[in-house]
Amino acid sequence: MRVIDLKGETEYIEQYIHLRNSYVDMLLTSFVNKNDTIKWLQSKDVEIRGVVDGEVLEGVVILYLGREGEVAFFAKERNKGIGTMLLSIAEDIAASRNLPYIWAWVLKDNMIAKHVFEKSGFLNEGAQTRNHNGISYDGVKYKKLLVQI
């Protein structure tokens with residue numbers, strides 16, 4: 001497997017869109033299309049990396065620099081270590097950008113993501129509610145310090 005930067009390797013955009021759109025409910029977001037994605041990838045406030053096996057995009061991690069280091073990841077298949085690998089990639093990028101920490105918000109019932117964050121050394125910061133399209137969702141905030149404060 002190899003790591004790619006989706007900003008530079010645009011041949012994976014279609015696979016990214018399909019994979020990301022399959023997670024809209026867990027990410028509390030809306031469906032995206034190719035034009036919007038191409039425009040979004042030009043933002044300096046986001047870093048996006050993928051893990052590719054052959055020519056297949058197996059997973060993606062997004063580091064939102066404009067959201068104080070928020071991270072989101074999604075993988076094509078579960079229980080293959082992709083999530084753990086993606087979080088490690090995000091951690092390296094954040095550290096190279098001198099971010100003091102990275103964090104994520106996870107739906108309270110998303111046991112798989114919660115396990116991956118905990119396994120990767122993120123600490124449970126407690127319950128938080130998010131609103132999306134007028135609906136409140138219960139979740140948990142996870143945070144990982146990258147430098148000692």
Side-chain angles (χ1 to χ4, degrees), residues 1-125 128 130 132-133 137-147:
M1 283 200 224
R2 65 186 177 93
V3 177
I4 62 162
D5 182 342
L6 264 75
K7 288 184 174 189
E9 298 192 52
T10 56
E11 64 269 25
Y12 293 97
I13 288 177
E14 295 287 346
Q15 289 184 60
Y16 162 76
I17 291 168
H18 178 74
L19 182 58
R20 186 207 172 278
N21 283 343
S22 71
Y23 279 89
V24 292
D25 292 337
M26 289 184 179
L27 296 171
L28 299 186
T29 188
S30 303
F31 289 98
V32 297
N33 62 44
K34 188 171 184 176
N35 289 337
D36 291 341
T37 300
I38 290 169
K39 186 182 290 185
W40 176 73
L41 286 172
Q42 295 172 8
S43 170
K44 293 180 180 175
D45 286 341
V46 67
E47 292 285 349
I48 180 166
R49 300 294 188 275
V51 175
V52 176
D53 188 6
E55 295 302 314
V56 177
L57 184 63
E58 296 291 340
V60 172
V61 65
I62 304 168
L63 177 63
Y64 297 96
L65 301 169
R67 296 185 197 166
E68 299 178 341
E70 182 177 9
V71 65
F73 76 91
F74 34 96
K76 190 171 187 170
E77 295 183 53
R78 295 179 173 105
N79 299 318
K80 287 191 159 189
I82 303 292
T84 304
M85 184 185 311
L86 291 167
L87 289 178
S88 177
I89 292 165
E91 189 175 329
D92 290 345
I93 296 166
S96 75
R97 297 290 198 107
N98 297 315
L99 295 179
Y101 59 85
I102 55 178
W103 67 277
W105 184 90
V106 179
L107 283 168
K108 76 171 187 172
D109 295 331
N110 188 346
M111 302 311 285
I112 293 171
K114 289 165 73 173
H115 172 75
V116 174
F117 280 107
E118 291 168 10
K119 181 174 141 184
S120 298
F122 284 71
L123 299 177
N124 182 326
E125 295 266 299
Q128 283 191 348
R130 273 197 174 174
H132 178 67
N133 291 334
Y137 295 88
D138 293 328
V140 177
K141 182 176 180 180
Y142 284 93
K143 186 174 180 179
K144 184 170 187 179
L145 293 178
L146 302 178
V147 295

> In a table with atom names and distances, give each donor-acceptor pair under 3.5 Å that connects a side chain of residues 62-75 to protein atoms at least two apart or in another chain.
from  : atom 1 : to     : atom 2 : distance (Å)
Arg67 : NH1    : Glu70  : OE1    : 3.4
Glu70 : OE2    : Arg130 : NH1    : 3.3
Glu70 : OE2    : Arg130 : NH2    : 2.9

> Heavy-atom count around His132 NE2 within 6.0 Å, excluding the residue itself: above 12?
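More than 12 within 6.0 Å, yes.
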
> If every non-hydrogen atom of Val116 is compared with every non-hydrogen atom of Thr84, which pair is closest and at what distance?
CG1-N, 3.7 Å

> How about Tyr12 and Glu55: do any of their side-chain heavy atoms sit closer than 4.5 Å?
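When only atoms from C-beta onward are counted, Glu55 and Tyr12 do touch, with a gap below 4.5 Å.
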
> Can you tell me how far apart CG (Leu107) and CG (Asp25) are? Round to the nearest 0.5 Å.
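Rounded to the nearest 0.5 Å, the CG-CG separation comes out at 9.0 Å.
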
> Specify the closest pair of heavy atoms between Ala113 and Val106, including all atoms of both residues, with the distance to one decimal.
CB-CG1, 3.8 Å

> Aromatic rings Tyr142 and Phe117: how do their planes relate, parallel, tilted or perpendicular, breaks at 30° and 60°?
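Geometry flag for Phe117 against Tyr142: parallel rings.
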
> Taking the side chain as every heavy atom from C-beta outward, state whether Glu9 and Asp5 have any pair of such atoms under 4.5 Å apart.
no

> Using side-chain heavy atoms (C-beta onward) and a distance below 4.5 Å, is Val46 in contact with Lys7?
yes

> Can you check whether Tyr23 reaches Thr29 side chain to side chain, under 4.5 Å on heavy atoms?
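No, their side chains stay 4.5 Å or more apart.
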
> Is any side-chain heavy atom of Val32 closer than 4.5 Å to a side-chain heavy atom of Asn21?
yes

> For the pair Gln15 (side chain) and Leu57 (backbone), establish whether a donor and an acceptor sit closer than 3.5 Å, ignoring hydrogens and angles.
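Checked: pair present.
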
> Could you state the interatomic distance from CE (Met26) to CD1 (Ile112), rounded to the nearest 0.5 Å?
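One finds 7.0 Å between CE of Met26 and CD1 of Ile112.
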
> How far apart are the closest heavy atoms of Ile93 and Ser96, and which atoms are they?
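Between these two residues, the closest heavy atoms are O-OG, 2.7 Å.
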
> Would you say Ser43's side chain and Asp45's backbone share a donor-acceptor pair under 3.5 angstrom?
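Looks like yes, one N/O pair under 3.5 Å.
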
> What closest approach, in Å, do Gln128 and Trp105 show between heavy atoms, and which atom pair accounts for it?
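Closest pair (atom of Gln128, atom of Trp105, distance): O-NE1, 3.2 Å.
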
> Thinking salt bridges, do Lys80 and Glu58 make one under a 4.0 Å N-O criterion?
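Salt bridge between Lys80 and Glu58, a charged N being under 4.0 Å from a carboxylate O: no.
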
> Is a donor on one side and an acceptor on the other found under 3.5 Å between the side chain of Lys34 and the backbone of Glu14?
no

> With a 4.5 Å cut-off on side-chain heavy atoms, are Thr37 and Leu6 touching?
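Answer no - side chains too far apart.
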
> Could you grab the distance from atom CD1 of Ile13 to atom NE2 of His18, nearest 0.5 Å is fine?
16.0 Å

> Heavy-atom distance under 4.5 Å between the side chains of Trp40 and Ile48, does that happen here?
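Contact flag for Trp40/Ile48 side chains = yes.
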
> What heavy-atom pair brings Val61 and Ala90 nearest, and what distance separates the two atoms?
CG2-CB, 3.7 Å

> Judged by atom type as modelled, is there a donor-acceptor pair below 3.5 Å linking the side chain of Asn33 to the main-chain atoms of Asp36?
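Yes, Asn33 side chain to Asp36 backbone: donor-acceptor pair under 3.5 Å.
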
> Please report the closest heavy-atom contact between Leu19 and Gly59, naming both atoms and the distance.
CD2-CA, 4.0 Å

> Between Lys143 and Leu123, does the side chain to side chain contact (heavy atoms under 4.5 Å, CB included) criterion hold? Intermediate values first, please.
CA-CA 5 Å; Lys143 186 174 180 179; Leu123 299 177; 5.6 Å; no

> Is there a side-chain contact between Glu77 and Ile82 (heavy atoms, below 4.5 Å)?
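No, their side chains stay 4.5 Å or more apart.
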
